[in-house]
Colleague: 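Structure provided below as structure tokens; questions to follow.
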Amino acid sequence: MSATQTFRIASIPADGVGKEVVAAGRRVLDAVAENSGGKFEFRWTEFPWGCEYYERTGQMMDENGLEALKAFDAIYFGAVGWENVPDHVSLWGLRLNITQNFDQWANVRPVKFLPGVQSPLRKADHTELDWVVVRENSEGEYAGLGGRNLAGRGPGNEVALQTALFTEKGCERIMRFAFDLARTRTVKKVSSVTKSNAQQYGMVLWDDVFKRVALDYPDVQTESVLVDAMSAKFILRPEDLSVVVASNLNADILSDLGSALAGSLGLAASANLNPERRFPSMFEPVHGSAPDIAGQGISNPIGAIASAALMLDHFGLHQEARLVEAAIEAATAGGHLTRDVGGSATTDEVTDAVVVALSRSLSAV
Ligand SMILES: NC(=O)c1ccc[n+]([C@@H]2O[C@H](COP(=O)([O-])OP(=O)(O)OC[C@H]3O[C@@H](n4cnc5c(N)ncnc54)[C@H](O)[C@@H]3O)[C@@H](O)[C@H]2O)c1
């Protein structure tokens, strides 16, 4: 028998429902490994970072945390944010600290419609819908550039600047990523999301790079759509979408819209990739810490489990990734649904259903 391959994974559940859904995803991944016939195993190390850690230490993660994370093959993340820490402090202190410093510049967010989950979109009942949002994840509106504090001018006169950064290299690499991804899909099309009518510097550069990169992919259809029109298109003509490439903020908003159309924020998966593999990539559900339902055991684990499938793809375990996705579909089609998608199942019950479906198909392989 060949040697077992070990994948070292850093798990960072962080806050709120992050803890519940990461536990669910770990169970599924461990079930995949157990059924691999000794081909591979996952070695987990859990880090206690997040808002409780901040309460104790005044920091969102350990000072040497990034150094520690470099040793892992991937990071499996829950969600960050709690009422004891301002959101911009918790987000920049943990999640953005990792994505920015590990140059995880491509954020892949598939929009998937699942059997048994009712979409608020009537069209979804009789139309095949499946697209993926590719988000520029290293610059744009989340470059962290700007400043605040001209408070010396006196009360009521403070000024803040939040500057978006667009570089030709940053635009080009995310667009090539989107085109390469489109080539792997049935519908070979990339839709670029812009706002160059109003943002005449950064977004015009974005458009220019898109036109130039498109010339290298004559086999891929293209369109350039203003972000306001694209939000309407997500609802009215989603069947026209395959790969949607957008800047950091625009893609963040549009991917939430996409997951809401699929039925819930709790369903959406994401991969923060460093495609050159100089640093570990990070896999996490799109949703936040959901303080309104945290601790009740009713959070939807599917976004986190589907993110685990994206991690399997990253490891080259494509067959296993497809089996996890099929197990998710078997669970939802079988009516194992949490409250956010109209059911009454708990997080554990949905996870059980996925694990059962998975074990059945893995033992048949
Ligand atoms: N990637 C991240 O870590 C991330 C992303 C978004 C928001 N946040 C943080 O999360 C906190 C809450 O933010 P928010 O309320 O705007 O967004 P949220 O995603 O936490 O919640 C929005 C809505 O979606 C529901 N929801 C989210 N995940 C769900 C799940 N798995 N199952 C069922 N329902 C789910 C919530 O109950 C809520 O009604 C804030 O501190 C915010 O900064 C973190």
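Start at 1 and go down the list; that is how both ligands and their atoms are numbered.
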Colleague: Do NZ/NE/NH1/NH2 and the carboxylate oxygens of Arg135 and Asp252 come within less than 4.0 Å?
Modeller: yes

Colleague: Short list, please: which atoms of ligand 1 are under 4.0 Å from a heavy atom of Arg95?
Modeller: 1 (N), 2 (C), 3 (O)

Colleague: State the atoms of ligand 1, each with its element, that fall below the 4.0 Å cut-off from a heavy-atom position in Ala79.
Modeller: 3 (O)

Colleague: Can you report which non-hydrogen protein atom sits closest to atom 3 (O) of ligand 1, along with the distance?
Modeller: Val80 N, 2.9 Å

Colleague: Run the numbers for me: atoms of ligand 1, each under 4.0 Å from some heavy atom of Val286, listed by number.
Modeller: 5 (C)

Colleague: Does some non-hydrogen atom of the protein lie less than 4.0 angstrom from atom 13 (O) of ligand 1?
Modeller: no

Colleague: Given Ile9 and Phe72, is the side chain to side chain contact (heavy atoms under 4.5 Å, CB included) satisfied, shown in steps?
Modeller: CA-CA 6 Å; Ile9 307 177; Phe72 290 87; 5.5 Å; no

Colleague: Once the angle between the rings of Phe7 and Phe315 is folded into 0 to 90°, is it parallel (under 30°), tilted (30 to 60°) or perpendicular (over 60°)?
Modeller: parallel

Colleague: Please list the nearest protein heavy atom to atom 39 (O) of ligand 1 with its residue and the distance rounded to 0.1 Å.
Modeller: Asp292 OD2, 3.0 Å

Colleague: Parallel, tilted or perpendicular: which describes the rings of Phe113 and Trp131, with under 30° parallel and over 60° perpendicular?
Modeller: tilted

Colleague: Is it true that Glu46 and Arg26 make a salt bridge, defined as a side-chain N closer than 4.0 Å to a carboxylate O?
Modeller: yes

Colleague: Below 3.5 Å, N or O to N or O, backbone or side chain included: is there any such pair between Ala290 and ligand 1?
Modeller: yes

Colleague: Which residue in the set Lys189, Arg185, Arg183 passes salt bridge (Lys or Arg N to Asp or Glu O under 4.0 Å) when paired with Asp219?
Modeller: Arg183

Colleague: Count the heavy atoms belonging to other residues, nucleotides or ligands that lie under 6.0 Å from CD of Glu276, then report whether that count exceeds 12.
Modeller: yes

Colleague: Hey, looking at atom 4 (C) of ligand 1, which of Gly18, Ala268, Gly288, Gly78 has the closest heavy atom?
Modeller: Gly288

Colleague: For ligand 1, which atoms have a heavy atom of Gly81 less than 4.0 angstrom away?
Modeller: 41 (O)

Colleague: As an exercise, identify every atom of ligand 1 less than 4.0 angstrom from a heavy atom of Glu284.
Modeller: 1 (N)

Colleague: Check Gly258 against Val111 and note the closest heavy-atom contact, atom names and distance.
Modeller: O-CG1, 3.4 Å

Colleague: Among Asp30, Asp73, Thr6, find the one that has a side chain to side chain contact (heavy atoms under 4.5 Å, CB included) with Phe42.
Modeller: Asp30

Colleague: If you measure from each non-hydrogen atom of Leu265 to ligand 1, which part falls under 4.0 Å: side chain, backbone, both or neither?
Modeller: side chain

Colleague: Ignoring hydrogens, tell whether any protein atom lies closer than 4.0 Å to atom 24 (O) of ligand 1; use the non-hydrogen atoms only.
Modeller: yes

Colleague: Can you tell me if Ser281 uses its side chain to pair, donor with acceptor, with the backbone of Arg277 under 3.5 Å?
Modeller: no

Colleague: Who gets closest to atom 34 (N) of ligand 1 by heavy atom: Thr347, Asn300, Ile293?
Modeller: Ile293

Colleague: Is Pro291 close to ligand 1, meaning an N/O of one under 3.5 Å from an N/O of the other?
Modeller: no

Colleague: Taking atom 37 (O) of ligand 1 as the reference point, report whether a protein heavy atom occurs under 4.0 Å from it.
Modeller: yes

Colleague: Answer yes or no for Ser289: is there a heavy-atom contact with ligand 1 below 4.0 Å?
Modeller: yes

Colleague: State whether the shortest distance between N or O atoms of Asp87 and N or O atoms of ligand 1 falls below 3.5 angstrom.
Modeller: yes

Colleague: Taking the inter-plane angle between the rings of Phe102 and Phe279 on a 0 to 90° scale, is it parallel (under 30°), tilted (30 to 60°) or perpendicular (over 60°)?
Modeller: parallel

